[in-house]
Amino acid sequence: MTTRTPTESEVLAAASAIVDAFAATDTERYFAGFARDATFLFHTEPQLLDTPEYEDIWKGWVADGWRVLECRSSERRVQTFPGGAVFTHHVFTRVDTGDGEDAYEERETIVFSVDDDGLIAVHEHLSPMPQDDNAEDDANDE
């Protein structure tokens with residue numbers, strides 16, 4: 001049996017569904033894009049999370065007044081292979097923490113697996129955007 005290779009447009013649609021649900025702070029729709037045994041590796045958390053652990057953290061944030069105000073995805077890249085795909089992008093997020101606004105610029109990778117006729121995310125990795133050393137050097141040159 002041959003494993004299906006997803007198309008780039010399928011991967012972009014699956015990634016957009018997750019990003020759009022995140023941007024709407026739509027818990028149910030957001031987590032529907034992930035497998036129940038998906039893993040999450042975030043620079044803000046001390047350990048690898050599974051889906052139920054991340055859902056608990058998310059629900060705690062929401063209970064404390066957290067919500068997404070803006071989420072923009074750029075520099076999208078898709079790599080497909082038989083049985084899945086890797087989606088990477090830069091993401092700008094602005095949130096209301098319940099205590100005020102905060103914003104982040106990060107890089108994100110989402111790994112997708114072919115699931116029946118669609119795609120399901122099986123891993124998400126979020127890391128901080130590296131500081132641009134040249135930007136500071138340029139500012140000092142002015």
Side-chain angles (χ1 to χ4, degrees), residues 1-140:
M1 180 177 185
T2 304
T3 304
R4 184 175 75 78
T5 300
T7 65
E8 181 175 337
S9 61
E10 267 184 290
V11 177
L12 290 171
S16 290
I18 288 172
V19 171
D20 292 348
F22 180 84
T25 318
D26 186 331
T27 305
E28 187 174 317
R29 195 164 44 104
Y30 177 72
F31 284 102
F34 292 94
R36 289 305 299 160
D37 62 350
T39 54
F40 302 84
L41 187 58
F42 301 143
H43 63 96
T44 56
E45 296 298 323
Q47 76 281 341
L48 183 70
L49 303 171
D50 62 23
T51 304
E53 290 169 326
Y54 180 28
E55 279 183 297
D56 286 346
I57 290 169
W58 172 289
K59 288 174 183 174
W61 293 338
V62 171
D64 290 341
W66 177 89
R67 65 186 176 96
V68 180
L69 301 172
E70 179 182 7
C71 183
R72 291 191 318 256
S73 172
S74 64
E75 299 191 40
R76 295 172 156 219
R77 181 175 178 192
V78 172
Q79 297 166 271
T80 61
F81 53 87
V86 176
F87 169 78
T88 57
H89 68 142
H90 291 181
V91 62
F92 171 80
T93 305
R94 190 169 58 88
V95 298
D96 179 347
T97 66
D99 291 324
E101 288 190 23
D102 207 349
Y104 319 98
E105 290 188 63
E106 298 162 308
R107 296 183 295 183
E108 183 175 49
T109 300
I110 302 173
V111 179
F112 290 97
S113 179
V114 171
D115 180 48
D116 297 323
D117 292 329
L119 292 174
I120 190 80
V122 295
H123 180 74
E124 179 180 353
H125 182 136
L126 194 61
S127 60
M129 188 70 71
Q131 294 298 315
D132 183 359
D133 292 335
N134 292 329
E136 187 174 310
D137 291 342
D138 292 344
N140 291 332

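Just so you know, residue 1 is the first one in the sequence shown, and it goes up from there. The shown structure was predicted, so the numbers you read here are calculated from the model rather than taken from an experiment.
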Going from [atom1] on [X] to [atom2] on [Y], what distance comes out if it is rounded to the nearest 0.5 angstrom?
X     : Y      : atom1 : atom2 : result
Phe92 : Ser74  : CZ    : OG    : 11.0 Å
Glu55 : Thr27  : CD    : OG1   : 8.5 Å
Ile18 : Asp26  : CD1   : CG    : 12.5 Å
Thr80 : Phe112 : OG1   : CZ    : 13.0 Å
Trp66 : Asp102 : CH2   : CG    : 11.5 Å
Leu69 : Thr97  : CG    : OG1   : 9.5 Å

Polar contact flag, side-chain donor to acceptor under 3.5 angstrom, His43-Ser127 = no
Assess the side chains of Arg77 and Thr109: does a donor N or O sit below 3.5 Å from an acceptor N or O?
-> no
Test side chain to side chain contact (heavy atoms under 4.5 Å, CB included), reference Leu126, set Glu45, Glu106, Arg107, output is Glu106
Over 12 non-hydrogen atoms of neighbours within 6.0 angstrom of CD in Glu28 = no
Could you tell me whether a side-chain N or O of Asp50 sits under 3.5 Å from a main-chain N or O of Glu53, the two making a donor and an acceptor?
-> yes
Decide, yes or no, whether a salt bridge links Glu10 with Arg4 under the criterion of side-chain N to carboxylate O below 4.0 Å.
-> yes
Would you confirm whether the ring centroid of Phe31 sits within less than 6.0 angstrom of the ring centroid of Tyr54?
-> yes
Looking at the rings of His89 and Phe87, which for Trp means the six-membered one, are their centres under 6.0 Å apart?
-> yes
If the plane angle is over 60° it's perpendicular, under 30° parallel, otherwise tilted; pick one for Tyr30 and Phe22.
-> tilted
Assign the ring pair His125 / His123 to parallel, tilted or perpendicular, where the plane angle (0 to 90°) is split at 30° and 60°.
-> perpendicular
Between Glu105 and His90, is a side-chain contact (heavy atoms from CB on, under 4.5 Å) present by the stated rule, with each step listed?
-> CA-CA 7 Å; Glu105 290 188 63; His90 291 181; over 6 Å; no
What are the two closest heavy atoms between Ala121 and Ala38, and how far apart are they?
-> O-CB, 3.8 Å
Under the side-chain hydrogen bond (donor to acceptor under 3.5 Å, both in side chains) test, residues paired with Thr25 that sit two or more places apart = none
